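For the numbers below, each heavy atom of this structure counts, side chains included, while hydrogens, waters and symmetry mates do not. Note on naming: letters A, B, ... go to the chains in the order of the sequence lines (proteins, then strands), and numbering restarts at 1 for each one. Just so we're clear, the structure is a prediction, and the values are computed from it rather than from any experiment.
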Number of protein chains: 2
Amino acid sequence: MTDLDLVLKEHGLRKTTFRKELLSLFYDSNSSLTAEEVKNILGHTTDKVTIYRALDAFEKTGLIHRVPDKSNLTRYAICHSECSSIKHVHNHAHFICNSCNETFCINDIKIPHIEGAKGFLIKNAKLTLEGDCPQCQS
Amino acid sequence: MTDLDLVLKEHGLRKTTFRKELLSLFYDSNSSLTAEEVKNILGHTTDKVTIYRALDAFEKTGLIHRVPDKSNLTRYAICHSECSSIKHVHNHAHFICNSCNETFCINDIKIPHIEGAKGFLIKNAKLTLEGDCPQCQS
DNA sequence: TCTTTAACGCAACTCGGTTGCAAATATAAA
DNA sequence: TTTATATTTGCAACCGAGTTGCGTTAAAGA
């Protein structure tokens, strides 16, 4: 039983050929993926509905998390911390490249603590950075 | 010539009945608006294409700016600072209410300066807060 | 008033994502 | 190993936010 099999099992998911490939994609990616990118990478054999449902399942069980996207697409990246179906725990920043439009998780940058303002009860904070990623700086 | 007329003129836009109403909506709103919300507030006489194009024009000329939205809708709020067709200048935080799903501009909270990480060139930063807005705290 | 150009309205379209349902398959129990 | 159950998959059809083309209307400046 490979690592991928084990991870899927631990999260209550079945180890189908497609879901193992999908999970592998996320582990190999240094940034993040959209449903369309998944489809392009894997070839077109898998129906888009299957991709969307697998992404939903992965997110619900804490394998991947949503990251911001430049074009309002739904974009996911692997979870590194102790996420589960109960709760996602992320306090890192995200970086969107103005050139390649990719979104990267920046685990080095933690979200600073923000003091509340005039009656707003802050429960969560997200920090999104924009600029040029290492690959796009000539 | 009312204030609204003057503002539209200063931004190179024509003072039609609809655009005056639209601009007035944004000045009166303490949070932000989507195209659908605009349509609902104004009644159904105005075509959705007209609303979308007016919102685009308002954004391009620096009257309104895009704010994050819980459901990936395109959502706008009035610009308070010195925005123009050349450049939008915003360094305030945005607050999304988990209950009413509205997005508020929090002008009191400025974006902290973020130090770059391992090869990423940071040109802009966005801070989005989530929680309960004043109206939704019972 | 005339001319130019921005704004409007309609219809049709695009595209990311969803829903219903039946068929296939992984998993656990017998 | 076989059987039963629940998950996953694929197809088709659908949904809804936003866009495009184009002809018409109406501001603004001359």
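With sequence neighbours excluded, no residue satisfies ring pair (Phe, Tyr, Trp, His ring centres under 6.0 Å) with B:H11.
For A:E36, taking side-chain heavy atoms from C-beta onward, the closest of the listed nucleotides C:dG16, D:dG18, C:dG9 is C:dG16.
The six-membered or imidazole ring of B:F58 lies away from that of B:Y76, with a centre-to-centre distance of 6.0 Å or more. Between A:H65 and A:H94, the gap from one ring centroid to the other is short of 6.0 Å.
The separation between B:D47 atom CG and D:dG23 atom C1' is 14 Å, rounded to whole Å. Taking atom CG of A:L73 as the reference point, atom P of D:dA17 lies 17 Å away to the nearest angstrom. Here the C1' atom of nucleotide C:dG16 and the CD atom of A:E37 are 13 Å apart, to the nearest Å. Atoms NZ (B:K20) and C1' (C:dA7) sit 14 Å apart, rounded to a whole Å. Following rounding to the nearest Å, A:L42 (CG) and D:dG10 (P) show an atom-to-atom distance of 11 Å. Atom CD in A:E21 sits roughly 15 Å away from atom C1' in D:dT8 (whole-Å rounding). Atom NE2 in B:H11 sits about 17 Å away from atom P in C:dA6, given to the nearest Å. Spacing between atom NZ of A:K39 and atom P of C:dC15 amounts to 15 Å, rounded to whole angstrom units.
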Legend entry - B/S/- contact track for nucleotides 18-30 of chain C, protein heavy atom under 4.0 Å: BBBB----BS---
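Applying the 6.0 Å contact sphere to NZ of B:K118 captures more than 12 heavy atoms from other residues, nucleotides or ligands.
OP1 or OP2 of D:dT8 has not a single side-chain nitrogen or oxygen of A:T50 nearer than 4.0 Å. Put simply, A:T46 has no side-chain N or O that comes within less than 4.0 Å of OP1 or OP2 on D:dT9.
Counting only distance, with no hydrogens or angles, the side chain of A:K15 and the backbone of A:L8 share no donor-acceptor pair below 3.5 Å. Here the side chain of B:K126 pairs no donor or acceptor atom with the backbone of A:L127 at under 3.5 angstrom.
The shortest non-hydrogen separation linking A:R75 to A:N101 is NH2-O, 4.2 Å.
DNA chain D is contacted by both A:N72 and A:A57; A:A57 maps to the nucleotide lying nearer its 5′ end (nearest heavy atom per residue).
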